[in-house]
Visitor: 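Questions regarding the structure given below will be posed in turn.
The structure presented is a predicted model; accordingly, all values stated were derived computationally and were not measured.
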Amino acid sequence: MIRTAKKLGYQIITYDDSSGNEREKAAAKKIYNASFSINKNAKVIIHCGYSHILEKNNKDNRIWLANELANITGVNPLTISQTNLMESKTLEFENPIYNKILKKFNPRNPIILTDNLGTVWSTMPGQHDVDVIWPRTTYTNTRPDWYIKNYDLISFEGKWCRDKYPCIIEIRREHELNAVPFDRLRIEQKPNEKIALRLPSHKSIIFGFNEHGEQVFKGPTKNH
């Protein structure tokens, strides 16, 4: 996500370094100072935890980030929830309407709903503007399809773990060895089926770590 934002020309900023009652105000001020105070027509995308998008809080008197930003900038933000309508470990933790939407529309990709006039539907009108509805996850070679789709793949080899489990496999770009891994997977026991890991377009290195975090393997990916 960060790499895509940089390719599109966005400047990446950090804003959340506080806690308690002043956290939202401090975050809003940081965002404002790095964007709208410099250019009033700035385009700003904020990726944050679910409650921080609330424009109005119907539960208590706490003012969240979206509301603080609106107060500072005078701009009504477009707030998008990606967590209200998604699968959970068990049905009891899912929004009751989620399964009804899936049965009616059977989405293969994330969707939003609108009425005949094009008005976007929200589970919490007045609090956030849009709900993204996620399809249930399907898997290929033990990995989520949404995660490996459109990437080159490589099959796991036991030698990466020295055939000892559990172990962790990481694939990192050769020129970004200290960055977040491009793919990372914990393997609990010797697999009895094919396991796929995704590859970046650049040269990459495979790392294997044992259960104590000790490196037991390092080598280039075969396609490079």
Visitor: Please report the closest heavy-atom contact between I187 and P191, naming both atoms and the distance.
Guide: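 Scanning both residues completely, I find the closest heavy atoms to be CG2-CD, 4.3 Å.
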Visitor: Report yes if some heavy atom in the side chain of V120 is under 4.5 Å from a heavy atom in the side chain of T114; otherwise report no.
Guide: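 In contact.
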Visitor: Are Q127 and N58 close enough that some pair of their side-chain heavy atoms sits under 4.5 Å apart?
Guide: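 Yes, at least one pair of side-chain atoms sits under 4.5 Å.
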Visitor: Linking I/L/V/M/F/W/Y whenever their side-chain heavy atoms sit closer than 4.5 Å, directly or via other members, would V44 and I53 fall into one cluster?
Guide: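 Different clusters.
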Visitor: Indicate yes or no: at least one non-hydrogen side-chain atom of K149 is less than 4.5 angstrom from one of T140.
Guide: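 No, every pair of side-chain atoms sits at 4.5 Å or beyond.
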Visitor: In Å and rounded to the nearest 0.5 Å, what is the CZ to CG distance from R62 to L54?
Guide: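 Separation between the atoms: 10.0 Å.
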Visitor: Under the side-chain contact (heavy atoms from CB on, under 4.5 Å) rule, what do E24 and I63 come out as? Steps first, then yes or no, please.
Guide: CA-CA 7 Å; E24 309 300 308; I63 298 177; over 6 Å; no
Visitor: Flag yes if more than 12 heavy atoms outside H47 fall under 6.0 Å of its NE2 atom; otherwise flag no.
Guide: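 Open: at most 12 neighbouring heavy atoms sit under 6.0 Å from NE2 of H47.
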Visitor: Is there a donor-acceptor contact under 3.5 Å linking the side chains of E87 and T137?
Guide: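 Looking only at side-chain atoms, T137 and E87 do form a donor-acceptor pair, the distance falling under 3.5 Å.
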Visitor: Calculate, to the nearest 0.5 Å, the distance between atoms CG and CG belonging to N99 and L85 respectively.
Guide: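 Reported to 0.5 Å precision, the distance equals 11.5 Å.
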Visitor: Are any non-hydrogen side-chain atoms of L197 and R143 less than 4.5 angstrom apart?
Guide: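 SC-SC contact between L197 and R143 confirmed.
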Visitor: Dump the intermediate steps for side-chain contact (heavy atoms from CB on, under 4.5 Å) on Y15 and L65, then the final yes or no.
Guide: CA-CA 11 Å; Y15 64 85; L65 178 59; 4.0 Å; yes
Visitor: Under the 6.0 Å and 45° cation-pi test, does R198 pair with F182?
Guide: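 That pair qualifies as a cation-pi contact.
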Visitor: Begin with the C-alpha distance, continue with both residues' side-chain angles, and end with the deciding distance and a verdict on side-chain contact (heavy atoms from CB on, under 4.5 Å) for T142 and F156.
Guide: CA-CA 11 Å; T142 76; F156 167 75; over 6 Å; no
Visitor: Got a donor-acceptor contact below 3.5 angstrom from the R172 side chain to the L177 backbone?
Guide: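 A pair under 3.5 Å: yes.
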Visitor: Do D129 and T79 get their side chains close enough for a donor-acceptor pair, meaning under 3.5 Å?
Guide: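 There is such a pair (donor and acceptor under 3.5 Å, judged by atom type) between the side chains of D129 and T79.
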Visitor: Roughly how far apart are R108 CZ and D145 CG, rounded to 0.5 Å?
Guide: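 So the gap between those two atoms works out to 11.0 Å.
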Visitor: Can you check whether I12 reaches K6 side chain to side chain, under 4.5 Å on heavy atoms?
Guide: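 I12 vs K6: side chains touch.
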Visitor: How long is the straight-line distance from CG of N67 back to CG of N57, given to the nearest 0.5 Å?
Guide: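 Going from the CG atom of N57 to the CG atom of N67 covers 8.5 Å.
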Visitor: So, does W160 use its side chain to make a donor-acceptor pair with the main chain of F217 at under 3.5 Å?
Guide: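 Not a single qualifying donor-acceptor pair exists.
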Visitor: State, without any angle test, whether E174 and H202 hold a side-chain donor-acceptor pair at a distance under 3.5 Å.
Guide: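 Result is no, nothing qualifies.
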Visitor: For F209 and F207, take the angle between the two ring planes, folded into 0 to 90°, and tell me which bin it lands in: parallel under 30, tilted 30 to 60, perpendicular over 60.
Guide: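 Aromatic pair F209/F207 classed parallel.
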Visitor: Report, as yes or no, whether the 6.0 Å neighbourhood of atom OH on Y50 holds more than 12 heavy atoms from other residues, nucleotides or ligands.
Guide: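 Atom OH in Y50 is not crowded, with 12 or fewer foreign heavy atoms closer than 6.0 Å.
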Visitor: Does L8 form a side-chain contact (heavy atoms from CB on, under 4.5 Å) with T4? I'd like the steps, not just the answer.
Guide: CA-CA 6 Å; L8 293 173; T4 299; 4.2 Å; yes
Visitor: Which distance, rounded to the nearest 0.5 Å, do you find between the CG of D183 and the CD1 of I206?
Guide: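 If we round to the nearest 0.5 Å, D183:CG and I206:CD1 are 10.5 Å apart.
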Visitor: Listed by chain and number, what are the side-chain hydrogen bond (donor to acceptor under 3.5 Å, both in side chains) partners of Q11, not counting sequence neighbours?
Guide: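 Per chain and number, Q11 pairs via side-chain hydrogen bond (donor to acceptor under 3.5 Å, both in side chains) with no residue.
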Visitor: Closest heavy-atom contact between P135 and P107?
Guide: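 Taking every non-hydrogen atom into account, CB-O, 3.3 Å.
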Visitor: H52 vs W64 aromatic rings, parallel, tilted or perpendicular, using cut-offs 30° and 60°?
Guide: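 Answer is perpendicular, since the angle exceeds 60°.
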Visitor: Which atoms form the tightest heavy-atom contact between P77 and A66, and what is the distance?
Guide: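 Heavy atoms only, the tightest pair is CG-O, 3.9 Å.
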Visitor: Taking atom CD as the centre, does Q189 end up with more than 12 heavy-atom neighbours from other residues, nucleotides or ligands that are less than 6.0 angstrom away?
Guide: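 Count not over threshold, so no.
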Visitor: Looking at every non-hydrogen atom in both residues, tell me the closest pair between K194 and S155 and how far apart they are.
Guide: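 Looks like CE-OG, 2.6 Å.
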Visitor: Between R186 and P166, is any pair of side-chain heavy atoms under 4.5 Å apart?
Guide: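 Side-chain contact under 4.5 Å: yes.
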Visitor: Grab the two heavy atoms, one from R184 and one from I168, that are nearest each other, plus how far apart they are.
Guide: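 Taking R184 first and I168 second, the nearest heavy atoms are NH2-CD1, 3.9 Å.
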Visitor: Taking D163 first and then K190, would you say they form a salt bridge - that is, a charged N and a carboxylate O separated by under 4.0 Å?
Guide: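 So D163 does not pair with K190 through a salt bridge.
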Visitor: When hydrophobic residues are tied together by side-chain contacts of less than 4.5 Å, even through go-betweens, does I195 share a cluster with I154?
Guide: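 Shared cluster, yes.
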Visitor: Any salt bridge between E94 and R136, counting N to O under 4.0 Å?
Guide: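 Salt bridge between E94 and R136, a charged N being under 4.0 Å from a carboxylate O: yes.
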Visitor: Is the side chain of T73 donor-acceptor paired with the backbone N or O of L69 at a distance under 3.5 Å, no angle test?
Guide: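 Side chain of T73 to backbone of L69, a donor-acceptor pair under 3.5 Å: yes, one is there.
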Visitor: Which value, rounded to the nearest 0.5 Å, describes the distance between D131 atom CG and I101 atom CD1?
Guide: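 Reported value, rounded in 0.5 Å steps: 8.0 Å.
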Visitor: Please report the closest heavy-atom contact between I171 and P200, naming both atoms and the distance.
Guide: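 Of all heavy-atom pairs spanning I171 and P200, the closest is CG2-CD, 4.0 Å.
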Visitor: Walk me through whether R162 and E214 qualify under salt bridge (Lys or Arg N to Asp or Glu O under 4.0 Å).
Guide: CA-CA 12 Å; R162 302 301 184 196; E214 300 164 335; over 6 Å; no
Visitor: Does CG in D60 sit with more than 12 non-hydrogen atoms of other residues, nucleotides or ligands closer than 6.0 Å?
Guide: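 Atom CG in D60 is crowded, with more than 12 foreign heavy atoms closer than 6.0 Å.
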Visitor: For L78, look at atom CG and say whether over 12 heavy atoms of other residues, nucleotides or ligands are found less than 6.0 Å away.
Guide: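 More than 12 within 6.0 Å, yes.
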